[in-house]
Amino acid sequence: MKCSTRLAPADFDPAQELEAFLREADDAGGVVSFVGVARPRSRVGEAVSGLFLDHHPRLTLQSLDDVAAGAARRFDLTAIRIVHRFGDIAPRAPIVFVAAASAHRRAAFEAADFMMDRLKTDAVFWKREQGVDGARWVEPTDADRADRARWSD
Amino acid sequence: VKIICYGRLGEAIGRETELDAPAAGLTLATLREWLAQRHPHAADELAGPFVRACVGDRIVGEDHRVAADETVEFFPPLSGG
């Protein structure tokens with residue numbers, strides 16, 4: 001199993017990540033990737049001028065590793081990649097890239113879904129949305145917690 | 001004691017701050033009270049159950065005795081990725 005997790009301090013190119021992942025996962029029968037993008041609007045519909053993701057110098061990467069390890073244990077995968085931004089992020093810029101490769105497609109689809117649900121609640125980040133009328137720190141919603149609960153420990 | 005705060009708390013009281021602790025150290029609960037007195041605008045959050053404290057990258061309880069040369073990190077609730 002090839003597993004790579006990385007924190008990106010600046011914009012990254014999801015197409016390049018996928019290309020590199022496909023090269024790495026050359027023995028797979030299926031590859032599923034997901035890109036999370038900074039929304040231009042908040043949950044209540046207000047324009048967001050930027051996001052700031054605060055992170056911890058050690059535990060944030062550790063939390064990405066834990067999510068990847070959870071997927072590796074649960075699904076029959078040949079490769080995993082997680083790339084996650086921190087710092088200042090412009091609207092419409094990629095925040096997260098997740099990819100899973102497996103011999104057959106189902107495991108890759110499910111692993112990508114699983115990793116995103118875990119990242120939404122367990123990744124060590126503190127998110128601040130900059131809106132037109134000030135900044136707001138964001139916490140996981142009940143929907144995020146329900147998504148996480150879809151996968152038992 | 002060196003104190004590092006993240007997220008909302010880091011903004012409210014600063015990323016890094018130091019407090020002079022007694023040579024015998026102090027409990028985490030006492031450290032929270034000291035911090036709350038110095039930063040009244042963050043007092044409610046510091047006293048609440050949702051801000052966790054880490055020493056050596058591990059979450060510690062309120063009765064943890066913080067040594068004078070230790071670093072305590074305060075985590076508000078995570079936002080997730």
Side-chain angles (χ1 to χ4, degrees), chain A residues 5-8 34-38 42-43 51-68 82-86 89 94-98 115-130 134-145 147-148, chain B residues 1-19 21 28-29 31-32 35-36 38-81:
Chain A
T5 56
R6 193 174 93 238
L7 282 167
F34 172 87
V35 180
V37 176
S42 71
R43 283 175 189 137
L51 269 188
F52 172 68
L53 275 186
D54 195 6
H55 79 295
H56 186 277
R58 294 170 302 279
L59 296 179
T60 301
L61 187 58
Q62 177 68 54
S63 69
L64 303 189
D65 289 342
D66 289 347
V67 168
I82 301 176
V83 180
H84 210 299
R85 276 296 317 275
F86 67 90
I89 302 161
I95 300 179
V96 59
F97 172 90
V98 155
M115 288 193 281
M116 280 313 304
D117 282 346
R118 282 287 154 101
L119 286 171
K120 291 301 285 183
T121 52
D122 295 6
V124 177
F125 289 105
W126 297 272
K127 189 184 292 181
R128 190 184 62 207
E129 274 179 356
Q130 187 68 45
R136 192 179 68 92
W137 289 92
V138 181
E139 290 174 16
T141 62
D142 289 342
D144 290 333
R145 293 192 187 93
D147 284 342
R148 189 195 189 281
Chain B
V1 177
K2 186 168 157 189
I3 293 151
I4 305 179
C5 295
Y6 295 89
R8 189 200 307 274
L9 262 187
E11 194 174 67
I13 73 182
R15 181 63 132 200
E16 286 195 24
T17 171
E18 296 223 7
L19 280 181
L28 178 61
L31 179 65
R32 281 190 198 249
L35 261 186
R38 281 201 181 186
H39 304 279
H41 56 293
D44 286 351
E45 197 164 8
L46 278 165
F50 300 114
V51 172
R52 294 180 296 174
C54 279
V55 174
D57 292 350
R58 291 191 184 279
I59 290 173
V60 293
E62 294 311 296
D63 52 356
H64 174 83
R65 197 145 193 99
V66 182
D69 61 350
E70 256 177 345
T71 297
V72 181
E73 298 184 287
F74 284 102
F75 285 19
L78 301 177
S79 306

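To find a chain, count down the sequence lines: A is the first, B the second, and so on, and within it residues start at 1.
- The shortest non-hydrogen separation linking A/D122 to B/L78 is O-CD1, 4.0 Å.
- Neither the backbone nor the side chain of A/V96 comes within contact range of chain B; no heavy atom of the residue lies under 4.5 Å from a heavy atom of that chain.
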Dump the intermediate steps for side-chain contact (heavy atoms from CB on, under 4.5 Å) on A/R128 and B/E11, then the final yes or no. CA-CA 10 Å; A/R128 190 184 62 207; B/E11 194 174 67; 2.6 Å; yes
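- The part of A/L59 that comes within reach of chain B is its side chain, from C-beta onward, which places non-hydrogen atoms under 4.5 angstrom from that chain.
- In this structure, the side chains of B/R15 and A/D54 come closer than 4.5 Å at one or more pairs of heavy atoms.
- Using a distance-only test at 3.5 Å, with no hydrogens or angles considered, a donor-acceptor pair links the side chain of B/S79 to the main chain of A/V138.
- Rounding to the nearest 0.5 Å gives a distance of 9.5 Å between CZ of B/R8 and CZ of A/R136.
- Among A/R58, A/R85, A/Q62, A/H84, the residue making the largest number of heavy-atom pairs under 4.5 Å with chain B is A/R58.
- Ring centroids of A/H55 and B/Y6 are separated by 6.0 Å or more, keeping the two rings apart.
- Heavy atoms of other residues, nucleotides or ligands lying less than 6.0 angstrom from CZ of B/R52 number 12 at most.
- Of all the heavy atoms in A/A123 and B/G81, the pair that sits closest is CB-N, 3.9 Å.
- Between B/D57 and A/H56 the shortest side-chain heavy-atom distance falls below 4.5 Å.
- The shortest distance between side-chain heavy atoms of B/P76 and A/W126 falls below 4.5 Å.
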